[in-house]
There are 2 protein chains.
Amino acid sequence: MAEDRDMPVIDLQDSGKRAALFERIRRDHSVEIAEDYVELIADLIETNGEARLVDLADLLGVSRPTVNNTIQRLQKEGYVESKPYRSIFLTDKGRAVAEHARQRHHMVLDFLHTIGVPADIAEADAEGLEHHLSEQTLDCLARATEALKKASGHGDNQS
Amino acid sequence: MAEDRDMPVIDLQDSGKRAALFERIRRDHSVEIAEDYVELIADLIETNGEARLVDLADLLGVSRPTVNNTIQRLQKEGYVESKPYRSIFLTDKGRAVAEHARQRHHMVLDFLHTIGVPADIAEADAEGLEHHLSEQTLDCLARATEALKKASGHGDNQS
DNA sequence: ATATAAATTTAGCCTATGCTAAGTTTGCGA
DNA sequence: TCGCAAACTTAGCATAGGCTAAATTTATAT
Ligand SMILES: [Mn+2]
Ligand SMILES: [Mn+2]
Ligand SMILES: [Mn+2]
Ligand SMILES: [Mn+2]
């Protein structure tokens, strides 16, 4: 079982196909911030009754002007609404994105916990992984999580 | 088994802890391009004997000036070396990063294949996921992949 | 009611990452 | 060998996403 660990994973022959993959990643990254913001905004509204800029800045670990700037972009792009000096609301589009993001976040966390990743590390990794999963992969991941839960339910094969 | 699918995943109480997670993601993203570049450069050198800017641009789906620009940054950061108008070489640091990136890439692909993700989609998702996995999660992922391979070797529980 | 504190916005700056158009250098075929 | 095409670089531009410092607005506490 000597693996091909040191072989190119990448098909250098068809550069068009390879380029398309990287283009998707760049697209993923451009919506990633939108997803994290609307998810946080939804959480804040549910928990505190409103989403304030200052709380977003604290949770995201960036400055208040940075959040202000991003919120204005997200407003242009139709994810949120907010009047000057007032708190932030989600549009229907924003709510839909938040809901989807939250589901994926749950699913990734559930999987990471199931394969034995410590809670802290799972939370950290999930925050990045959640934006790079296609629908098909999410399906497969859910099935794999169930299979692993069942397996570790019966026998045990830890460390 | 009604899940808490619609609960905040996020602890809004400890904003410092949450902020640290997002800070890690921003850090991950800042090395992500370096990882993809050095991995591609290593592949090109092994396959073609040299890594040329034009091939990188084609494979990445970006313009030649963009690659030129990034290569200059990667040179400043000590990942690559190249003299004007000549092809691109990896430093020891670059080779180490490439090797690590390739291992993760293999591992993520292997996992995705194992849980039944179609090859095309697996390749696409792996290109993004590979940059957001901690060492601990990689370990757990490798173990889970083995467990799933063993499981589907004996019985079968597809679709 | 008003002073002060908190929150938000604006202005001005930076780097990373993308682009096109135009210039330079290299390499190859006639 | 030398001229042209390919490859690379430079210049100049744009946007996203960071920052600090300084205004402005809103909210609170006496
Ligand atoms: Mn995230
Ligand atoms: Mn990401
Ligand atoms: Mn990648
Ligand atoms: Mn990524």
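Note that the structure is a prediction, hence the values are computed from the model and not measured. Lettering follows sequence order; numbering is per chain, from 1.
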A:R27 CZ to C:dG18 C1', in whole Å, measures 15 Å
Here the distance between atom P of C:dA7 and atom CD of A:E50, to the nearest Å, is 11 Å
OH of B:Y37 to CG of B:L74, rounded to nearest 0.5 Å, is 7.5 Å
Open item on the list: How about CD on B:E23, more than 12 heavy atoms from neighbouring residues, nucleotides or ligands closer than 6.0 Å, or not?
Closed with: yes
A:E23 atom CD is separated from C:dT17 atom P, nearest whole Å, by 17 Å
Taken to the nearest whole Å, NZ/A:K83 to P/D:dT26 is 12 Å
*asked:* Are B:H131 and A:H29, when compared by the centres of their aromatic rings, separated by less than 6.0 Å?
replied: no
Between the OG atom in B:S134 and the CG atom in A:L129, the distance rounded to the nearest 0.5 Å is 8.5 Å
No-hydrogen, no-angle side-chain donor-acceptor test under 3.5 Å, B:D125 and A:T137: yes
Only residue of A:R24, A:R18, A:K17 satisfying salt bridge (Lys or Arg N to Asp or Glu O under 4.0 Å) with B:E127 is A:R18
Here the distance between atom P of C:dT17 and atom CD of A:E32, to the nearest Å, is 14 Å
Under a 4.0 Å heavy-atom cutoff, the residues of residues 35-47 of chain A touching DNA chain D are none
Rounded to whole Å, the OH-P distance (B:Y85 to C:dG23) equals 13 Å
Rounded to whole Å, CD1 of A:I71 lies from P of C:dT10 at a distance of 14 Å
Please tell me if A:Q72 has a side-chain N or O lying less than 4.0 Å from either OP1 or OP2 of C:dT8. no
Interatomic distance, CG@A:L109 vs NE2@A:H105, rounded to 0.5 Å, equals 4.5 Å
Does D:dA16 have its OP1 or OP2 closer than 4.0 Å to a side-chain nitrogen or oxygen of B:R26? no
Are A:K149 and A:D110 side-chain neighbours, meaning at least one heavy-atom pair lies under 4.5 Å?
-> yes
Considering only heavy side-chain atoms of B:N69, the closest of D:dA27, C:dT26, C:dT17 is C:dT17
Residues in residues 56-68 of chain A with a heavy atom under 4.0 Å of DNA chain C, by number, are A:R64, A:P65, A:N68
Q.
Check the phosphate of C:dG18 against B:R73, side-chain N and O only, distance under 4.0 Å to OP1 or OP2. Yes or no?
A. no
With the side chain defined as heavy atoms from C-beta on, A:R52 is closest, among C:dT17, C:dT8, D:dA16, to C:dT8
From the candidates C:dT17, D:dG17, D:dT26, the one with an atom nearest any side-chain atom of B:I33 is C:dT17
Rounding to 0.5 Å, atoms OH (B:Y79) and CD1 (B:I33) come to a distance of 12.0 Å
Separation of C:dT8 atom P from A:D55 atom CG, nearest Å, is 8 Å
